[in-house]
Structures are given as structure tokens and as C-alpha cells.
Amino acid sequence: MMTLKTTTAPLAKPLLDWYDRHHRDLPWRVSPPMAKRGIKADPYHVWLSEVMLQQTTVPAVKAYFLKFLARWPTVGDLAAAPSEDVMAAWAGLGYYARARNLKKCAEAVANDHSGVFPDTEDGLRALPGIGDYTAAAVAAIAFNRQAAVMDGNIERVISRLYAISTPLPAAKPLMKQKVALLTPSDRPGDFAQAMMDLGATICTPKRPACALCPFNGSCEALALHDPEHFPVKAAKKAKPVRVGAAFVAVTSDGEVLLRRRIESGLLGGMTEVPTTGWTARIDGETSADAAPFAADWQPSGTVTHVFTHFELRLSIWRVAIPGRINGDDGWWEPVTNLDAQALPTVMKKAITAAIPRAFQQSKDG
DNA sequence: AACTCGTGGAT
DNA sequence: TATCCAAGAGT
């Protein structure tokens with residue numbers, strides 16, 4: 001007779017035991033030894049780190065997290081900060097809608113919740129920039145709620161544990177059910193973090209270290225001798241290549257013409273040098289005819305930048321002029337102050353192509 | 001449901 | 001070099 005598989009809930013214990021020994025120490029995390037001494041996670045720290053970590057690697061986040069925390073120690077401080085400062089501090093981290101929503105969320109907490117984060121998944125989910133994942137993660141990690149946390153790491157772990165052959169993203173609801181069944185009432189936050197650490201360090205996309213995995217006696221993908229086959233994903237679309245131009249004008253006083261992009265869409269609300277009207281779907285003009293003002297524009301090479309869904313090749317034009325010229329919009333910024341601007345990486349590349357040492361001229365650098 | 005939305009490191 | 005992909009959210 002066949003043995004019915006027991007409920008999967010008992011898998012939480014070997015995972016938590018593994019986590020107690022092998023957890024990563026991260027700046028925003030209260031590690032098990034600290035928790036044992038009664039240290040509680042700060043919801044502000046948990047929320048800030050979770051937003052930064054959305055589609056972003058741990059190494060990239062660390063410095064930004066520490067910088068934000070030093071500059072805005074509480075959610076109230078962040079709520080009171082000028083948006084331009086927040087966008088400039090976020091520059092380089094990508095997905096800039098996160099920064100816009102971060103500010104909105106901080107304001108909502110400060111103004112509508114007396115400066116205290118909601119302590120339930122539903123309450124958190126209603127805030128700007130907090131989706132299914134982040135609501136569950138903050139509820140579990142900061143408030144010890146038994147929430148089912150599902151991110152890319154956990155999708156991989158679950159898809160292998162149960163050898164789920166349905167492609168993502170269609171398989172997400174099933175995977176979330178599985179996670180909910182596994183999540184314990186005791187230490188749900190550590191369980192979620194343990195699952196993510198496991199996915200990041202053991203159950204990796206390539207060459208998973210199954211010999212070290214606390215689930216290796218239960219993993220169906222390992223039993224099939226092909227863990228790398230999971231998760232199955234839908235095919236991706238090819239990235240189109242778009243072209244455009246960027247214009248770097250420098251006065252004899254060492255000022256560069258900058259302007260602000262519209263609030264929505266690609267690089268929304270960020271600062272740029274004048275560029276032509278390229279988008280993910282439409283090529284922009286590449287010649288100096290499209291410059292913000294007529295001048296002796298000089299070609300300065302091209303910059304290639306790969307976004308998530310398209311590749312951009314920008315023709316760079318530069319000109320040295322005696323003094324300011326009225327552009328239709330924008331402002332003139334000292335080259336020595338470019339580091340303080342909300343310049344996304346693609347714009348730093350464009351400026352560097354025209355002014356090679358532009359970002360080595362900061363006042364305190 | 002399918003798109004849009006950055007960046008840099010690993011393989 | 002090309003591809004993947006990393007603690008996803010908003011529309």
C-alpha cells in the first residue's frame with residue numbers, strides 16, 4: 001500500500017536549524033543570536049531593505065541601505081525629506097518608481113498611521129510600493145506574522161522541492177499554497193529569511209549544492225536528478241535596440257546643462273542631460289540637429305546601455321561654450337556638484353563620455 | 001495576463 | 001559574448 005506523504009509542515013524545523021547555523025549576517029537583519037537576546041527587528045529597517053532588495057542584489061543594496069539609514073534614521077525623517085534628495089540618494093540603484101513610492105509610503109505612515117507601520121499583511125499591502133511579497137515579508141520579519149512569503153528564491157526552492165513543471169509565472173498560485181503549508185507559526189520571519197538564504201546560497205540557479213541542503217531528503221527535483229531543470233519559465237522576448245542622442249554642454253565656468261525627466265515612465269523624476277525623444281519603442285534623433293540649442297556640437301562617441309526590455313545606443317554630443325545659453329527648460333549645474341544629482345547610470349555614462357573626469361571632480365572627492 | 005521598469009555581477 | 005537574474009510593483 002502506498003504511504004501518503006505527511007504534511008510538509010515538519011520541514012520548517014530542519015530549515016530553521018540550518019538557518020541558525022548558516023544564516024547570512026546582513027545590516028538590516030536581526031540574526032538568531034541577537035533575537036535570542038531579545039532584539040526586535042525595526043519595521044522601518046525591514047521595510048526599507050525589502051524595497052531596496054526588490055529585483056536587486058544584496059551586495060548592491062548594502063551601501064544604499066546604510067546611507068539611507070544614516071541620513072534618515074526614522075520613517076518620519078524620510079517622510080519629511082525633499083523628494084529631490086531621496087531621488088538623488090537612490091540614483092544608481094535602478095527601478096526609480098521604488099524611490100517615488102518609498103517617499104509616498106513614508107508620508108502615508110507618518111501622516112495616516114502616526115508614524116507607525118501597520119503590523120498586518122493587509123495593512124502593509126495597502127501602502128504605496130508594497131506588493132504581495134513585501135507585505136508578507138515585513139509582516140513576517142518585523143511583526144512575527146504567519147505570512148506566506150514568496151520571492152524569486154523561494155519560487156526556486158519550492159519548484160524544486162515539489163518538481164513543479166508548470167512554467168512561471170502561471171505556477172505562482174500553486175507555489176504560494178505550498179509555501180503557506182510550510183510556513184510555521186513559530187518564527188515565521190526566520191523561516192522566510194531561511195528560505196531566501198537557502199535559495200541564495202544552496203539552492204542556486206546553477207549548480208545547486210544539494211549535498212548541503214536540509215531538504216535533500218525530500219526534494220523531488222533532486223530525486224529526479226535534475227534540480228537545475230526547475231523552475232520552468234516562459235520564454236522571454238528579444239530586446240529591441242533603440243538609438244538616440246544626448247547633449248553635454250559645458251560653460252567656461254564649468255557648468256553643465258541638466259533637466260528633469262517627467263515623473264512617470266522610464267527614469268521618471270530623475271535628472272538627465274538633454275536627450276532626443278527615444279523610448280523603449282521609438283528611436284530618437286541621433287544628429288546634432290536635435291540639440292537643445294545651435295552650437296558647434298562635437299561627436300563624442302556612443303554609449304550603450306541595456307535596460308530590462310531594450311538596449312539603447314546613445315550618440316554623445318558635446319560643446320564648450322563661453323557662458324550659459326537659454327535652453328527651453330533645465331538648469332546649469334557645476335560639474336563639481338554632479339555627484340549630488342539624481343542622475344541614473346545611463347546619464348552618468350553619457351556625461352562621462354563627453355567629460356571623462358566629470359565624476360572625479362566632486363567637492364569632497 | 002502581459003508589459004513596463006535599471007543595474008551590475010555571475011556564469 | 002550572450003544570457004541570466006536579483007528579497008517585485010504598478011498598470
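Naming: A, B, ... by sequence-line order, numbering from 1 per chain. In what follows, every heavy atom counts, from backbone to side chain, and hydrogens, waters and symmetry copies are set aside. In this text, all values refer to a predicted model and were calculated from it rather than measured experimentally.
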Hydrophobic cluster membership, A:I355 vs A:W331, 4.5 Å side-chain cutoff:
yes
Atom CD of A:E263 to atom P of C:dT11: distance rounded to whole Å?
14 Å
Once each nucleotide of nucleotides 6-11 of chain B is scored for protein heavy atoms under 4.0 Å, what B/S/- sequence comes out, 5' to 3'?
BBS---
Taking ring pair (Phe, Tyr, Trp, His ring centres under 6.0 Å) as the cut-off, I'd like each qualifying pair that reaches into residues 176-234 of chain A, sequence neighbours left out, listed once.
none
Checking all strands, does A:R24 fall into the base, sugar-phosphate, or nothing category for heavy-atom contacts under 4.0 angstrom?
base
Taking the nucleotide of DNA chain B with the closest heavy atom to each, which residue, A:R281 or A:A170, is nearer the 5' end?
A:A170
Can you tell me how far C1' of C:dG8 sits from CG of A:N101, to the nearest Å?
12 Å
Over-ring placement of A:R261 relative to A:W278, 6.0 Å and 45° cut-offs
yes
Please state how far atom CG in A:L168 lies from atom P in C:dA6, giving the value in whole angstrom units.
11 Å
Rounded distance (Å) that lies between atom C1' of C:dG10 and atom CG of A:L127
15 Å
Nearest whole angstrom, please: distance from the C1' of C:dA9 to the CH2 of A:W90.
12 Å
Any residue in residues 129-136 of chain A with a heavy atom nearer than 4.0 angstrom to DNA chain C? Just list them by number, or reply none.
A:G129, A:I130, A:G131, A:D132, A:Y133, A:T134
Full working for side chain to side chain donor-acceptor pair (under 3.5 Å) between A:Q298 and A:D296
CA-CA 6 Å; A:Q298 300 295 314; A:D296 185 22; 3.0 Å; yes
Over how many whole Å does the gap from A:K176 atom NZ to C:dG8 atom C1' extend?
12 Å
A:R261 CZ to B:dC5 P, in whole Å, measures 9 Å
Presence of salt bridge, A:E220 and A:R160, under 4.0 angstrom
no
Taking the ring centre of each residue, are A:W90 and A:Y64 less than 6.0 Å apart?
no
Rounding to the closest angstrom, what is the interatomic distance between B:dG8 and C:dT1 at atom C1'?
16 Å
Describe the nucleic acid contact of A:L26 in one word from base, sugar-phosphate, nothing, applying a heavy-atom distance below 4.0 Å.
base
B:dT11 and C:dA7: how far apart are their P atoms, nearest whole angstrom?
14 Å
Classify A:W47 by what it touches in the nucleic acid, base, sugar-phosphate, or nothing, heavy-atom distance under 4.0 Å.
nothing
Give a yes or no on whether A:Y19 and A:V149 share a hydrophobic cluster (residues Ile, Leu, Val, Met, Phe, Trp, Tyr; joining criterion: side-chain heavy atoms under 4.5 Å apart).
yes
Taking atom types as they are modelled, is there a donor-acceptor pair under 3.5 Å from the base of C:dA6 to the side chain of A:R156?
no
Determine, for A:R259 against A:E272, whether the closest basic-nitrogen to carboxylate-oxygen distance falls under 4.0 angstrom.
yes
Pairwise P distance, C:dA6 and B:dC5 [rounded to whole Å]
22 Å
Between atom NZ in A:K236 and atom P in B:dA2, what is the gap in whole Å?
16 Å
Verify same cluster id: A:L222, A:L212 (apolar side-chain graph, 4.5 Å)
no
A:M34 reachable from A:L16 in the ILVMFWY side-chain graph, under 4.5 Å edges:
no
Would you say B:dT4 has OP1 or OP2 under 4.0 Å from some side-chain N or O of A:H309?
no
